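Okay, so here's the structure we're looking at.
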2 protein chains.
Amino acid sequence: MTKMSDVAKLAQVSTATVSRVLQKPETVKEETKQKVLEVIKKLDYQPNILARNFRRLETKTILVVMPSILNNVFSQIIVGIDYEATKSGYQVILGNTMQDEQRALGLINHLKQKQVDGMILLTARLDMNELVKISKEYSVVLVSDFLENKNVLPTIAIDNMKESYRITEHLIKLGHTKIAHISGPLDMSMSRDRLSGYQKALMDHNLPIEYGYLEKGDYSFQSGYDSMLSLMDLKCPPTAVVAASDRMAMGAVKAAKKKGVQVPNHIAIVGFDDIEFSKLFEPALTTVAQPFFEMGKKAMSILQQQIAGEQINNDIILLKSELKIRESCGFNLK
Amino acid sequence: MTKMSDVAKLAQVSTATVSRVLQKPETVKEETKQKVLEVIKKLDYQPNILARNFRRLETKTILVVMPSILNNVFSQIIVGIDYEATKSGYQVILGNTMQDEQRALGLINHLKQKQVDGMILLTARLDMNELVKISKEYSVVLVSDFLENKNVLPTIAIDNMKESYRITEHLIKLGHTKIAHISGPLDMSMSRDRLSGYQKALMDHNLPIEYGYLEKGDYSFQSGYDSMLSLMDLKCPPTAVVAASDRMAMGAVKAAKKKGVQVPNHIAIVGFDDIEFSKLFEPALTTVAQPFFEMGKKAMSILQQQIAGEQINNDIILLKSELKIRESCGFNLK
DNA sequence: TCCAAATATGTAATCGATTACATGTTATTA
DNA sequence: TAATAACATGTAATCGATTACATATTTGGA
C-alpha cells in the first residue's frame, strides 16, 4: 500500500508538504502542488483513513439510534440523514436498540469511545439522566420525539400538539361529537402532545372529554386493533377515532371491518405519520404527513454544526407537516 | 482521557502488560492481572479504539450496500445482519446507492480505503467487472440477487426459480391456463430466475407461453399498476398474474380494481417477498415469504469468516422460503 | 543444587498522517 | 541595498495501542 512517505520521496518533498497539498492546498506553491498531485495520481495514493482518524481523533461517522429500522418512519428519516451526511463525507452507522436498554447503552458507548463523532436519536426512550449527561459532553441531536426537560439538546420535530388538534378539529367539523383517541405510550412526550392536541380540540369546541374514549396503544398495528375492539364494546361507542399512528389506525380499521362496522360510513378513523402504505390502504387513510426526509436532513446538518464546535442553542425546531385528507375520515375531498 | 500508559504507571507495570491483560489475559500472571484490572476500573480506562483500529488496520465495521433503505425488504435483511454483527462487536454502515452509479462507486471506495472490513451487497446491480475485481481483493458477500458469473463471491439467496415455479403451479392447479407474468428488470439474475420458473411451470403443464403475457416491471408499485393496465387491454386478457414482487402485485390489484375487475373473483394475482403489508392488503396477497432475517444473519456470518481469513468457497447458499397462500389467488385455504 | 525450559514482563519500534515550530526563500519597501 | 514581511518547505514530535524481541523470573527435573 502506497503511503505518504512514498509520495514525498518520489516528489522530492517532505511528507508535510504532501499533507498540505491534501489539506491546505492554498499554502503550497503551484509548481510544487502540481508535482505532488502528479505523483499521487501516478502511484494511485490513497491516504490511510485509519491513520488520519487516529491522528485527528475523529471518525467522520455518526450513529443513528432507533428502536428498529423495520419501522418505515425511521427509514425515511435515515434517508434524509444519509443524504446530508454523504454530502459532507460522513458515514452513518445503524443502531437498532430493539427496545433493549442494554443494547442502547452499548450504542451510547460508541460515543464515549469516540467511535463516532456524534449521535442522532430517533426516539428519546433512553435513561433520561444518562441522556442529559451524554448530550452535555457529546454531539447529540434528537429527532421526532421530545425530552421532558426541554432545551437539553437540539430537537427536530413537528408540532404534534397542533397537528393533532387540526386533525381532530377536522373530524369535529365533519360533525363528529363522539371522538375517541388511541394514544401512543404516554411515557413519550410525542404521545402526550398528540393526546393534548386531541383534548384541546374537544375542549375548544365544547365537547366533553370522555375517559372511556382514551385507549392507550404502543403505535403498533396490533394495539390499534385491540383498542378499537374495546372502543366498539362501549355502551356508547365513538363515531370517530383519532389514532396516534397510521399503523394503529390500520389496526383500528381492520378491527372495525372484522365487526362489520364500515369505515368511514359508520365510523371515521384517522392516523398520523403518512407511511408508505397509508394511501394504498382501503380506505386510504386521512393522516398527518410528516416531513421525514427534511427532518433527517436538518438533524444531520445541526449535528455537523455541533461537531464542528459551533455554539448551538438547544432549541426545538419545528418543521411543517401536512394534513392529508383521504377516505378514512369520510367526505373525501378528492 | 485516560490512556494505557496512565494505567501502566499506576499499576506499576509496562503498557505491554496492560495490553496483554486486555488481549491475551492467559499470558499474564493472575496477581498482575488483578492489579491491572483494578486500576483499569479505578481510572475507568477505555482503550482508544481509533488507535487500536489504526494499529490493527481493521475497523470492526462492515458496509451494507443497497438501492435504498426505504424498501422494507432491505430493512429486514439488515436487521438480520445487524443482529449477527452486534454479537461479535461489528458495526454496520449504511450505503444507499439511490440507483446512482457514482454513489455506488463512492461506497466501494470505502472498502479500498480500509474504512470497512467487508461489504454485503443487497443487490448485484453494480459494474460487473469492478465487482469481480473487488471481491477477489476484499471480503464481499452478496445477498438475495445473483451474479452472472457464478462462484465469484459467496451468495445467500432463495431458489427463485423453484419458488416462482411453485407459485405459478399453484395457480395452474387452481385451474388457470391464461397466466401472465410481471417481471423485474431483466438485467437482474433474480428477475430472470423468477421469469424462468414461471415459464417452466407453464411448459411442464403444457400451457403455451404467450409473449403478450410478459410485462416488464421494476419491482415498484407503479410498474405493477401500469403493467396490469396493459394486460387488461389485451384481446384475451389473463385470468391470473404472477408478479415478481408484492409491490407490483399490489399495483396490479389496484389497477384491476380501478377497472372494476375483482380480485380474486375475476382475476387471481400473486406476489413475491411477503412484505409487511401483504397480509393487511385487501385481498391479502398470496406470495412467497423470504427468510430475510436469516439471510442477513447468514450473510454476516459468512462475511466474518472471510474477514477472519478463512478459506471460503464461493458457493451459492439457498435458504428455504415459504409459499403463503392467502386471498389474492382465490380459494383461500385458511 | 544447578540448569534448561517455561513463564512473565519490559523495552522500544511501529502503524501513517498531521502539525507546531524551525528554517529557508522570495517579495516588498524605504 | 538592506531590512523586514510574507510565503514555502522541512524536521521531527505526536496521537495510543500493539507486539517482536530481549530480558528477567520461576518451575521442574536430574
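All chains are named by letter (A, B, ...) in the order of the sequence lines, taking the proteins before the strands, and each is independently numbered beginning at 1. Computed over heavy atoms, backbone and side chain alike; hydrogens, waters and symmetry mates excluded. On a predicted model such as this, the values are computed, not experimentally measured, just so you know.
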Out of B:L303, B:V152, B:I120, B:L153, which residue meets the side-chain contact (heavy atoms from CB on, under 4.5 Å) rule with B:V140?
B:L153
Between [X] and [Y], does any side-chain N to carboxylate O distance fall below 4.0 Å?
X	Y	answer
B:R103	A:D82	yes
A:E30	A:K33	yes
A:K87	A:E84	yes

Got more than 12 heavy atoms from elsewhere within 6.0 Å of CD, B:Q113?
yes
Should we count CD of B:E310 as having more than 12 external heavy atoms under 6.0 Å?
yes
Here's a test of your reading of the structure: between A:M1 and B:Q12, which maps to the more 5' nucleotide of DNA chain C?
B:Q12
Ordered by number, residues from residues 31-60 of chain A within less than 4.0 Å of DNA chain D (heavy atoms) are A:T32, A:F54, A:R55
DNA chain C: stems of at least 3 consecutive Watson-Crick or G-U pairs whose donor-acceptor distances fall under 3.5 Å
C:1-30 with D:1-30
Look at the side chain of A:T97 and the backbone N and O of A:G95, then say whether any donor-acceptor pair between them is shorter than 3.5 Å.
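Side chain of A:T97 to backbone of A:G95: no pair is present.
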Touch check for [X], heavy atoms < 4.0 angstrom, all strands: base, sugar-phosphate only, or nothing?
X	answer
B:V18	nothing
B:T17	sugar-phosphate
B:E30	nothing

Select from B:K24 and A:V13 the residue whose nearest nucleotide in DNA chain D is closer to the 5' end of that strand.
A:V13
Please tell me if A:K29 has a side-chain N or O lying less than 4.0 Å from either OP1 or OP2 of D:dA8.
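No.
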Give a yes/no on whether any side-chain N or O of B:Q23 is located under 4.0 angstrom from OP1 or OP2 of D:dA17.
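Checking D:dA17 against B:Q23, no side-chain N or O comes under 4.0 Å of OP1 or OP2.
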Take atom [atom1] of [X] and atom [atom2] of [N], then tell me their distance rounded to the nearest Å.
X	N	atom1	atom2	result
B:L22	D:dG16	CG	P	16 Å
A:D6	C:dG16	CG	P	9 Å
B:M4	D:dC15	CE	P	15 Å

Check the side chains of A:S68 and A:N96 for a donor-acceptor pair under 3.5 angstrom, ignoring hydrogens and angles.
no
If you round to the nearest 0.5 Å, how far is CD of A:E276 from CG of B:L70?
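Output value for this atom pair is 8.0 Å.
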So if I take every side-chain heavy atom of A:V28 and compare against C:dG10, D:dT9, C:dT19, which nucleotide ends up nearest?
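Of the candidates, D:dT9 comes closest.
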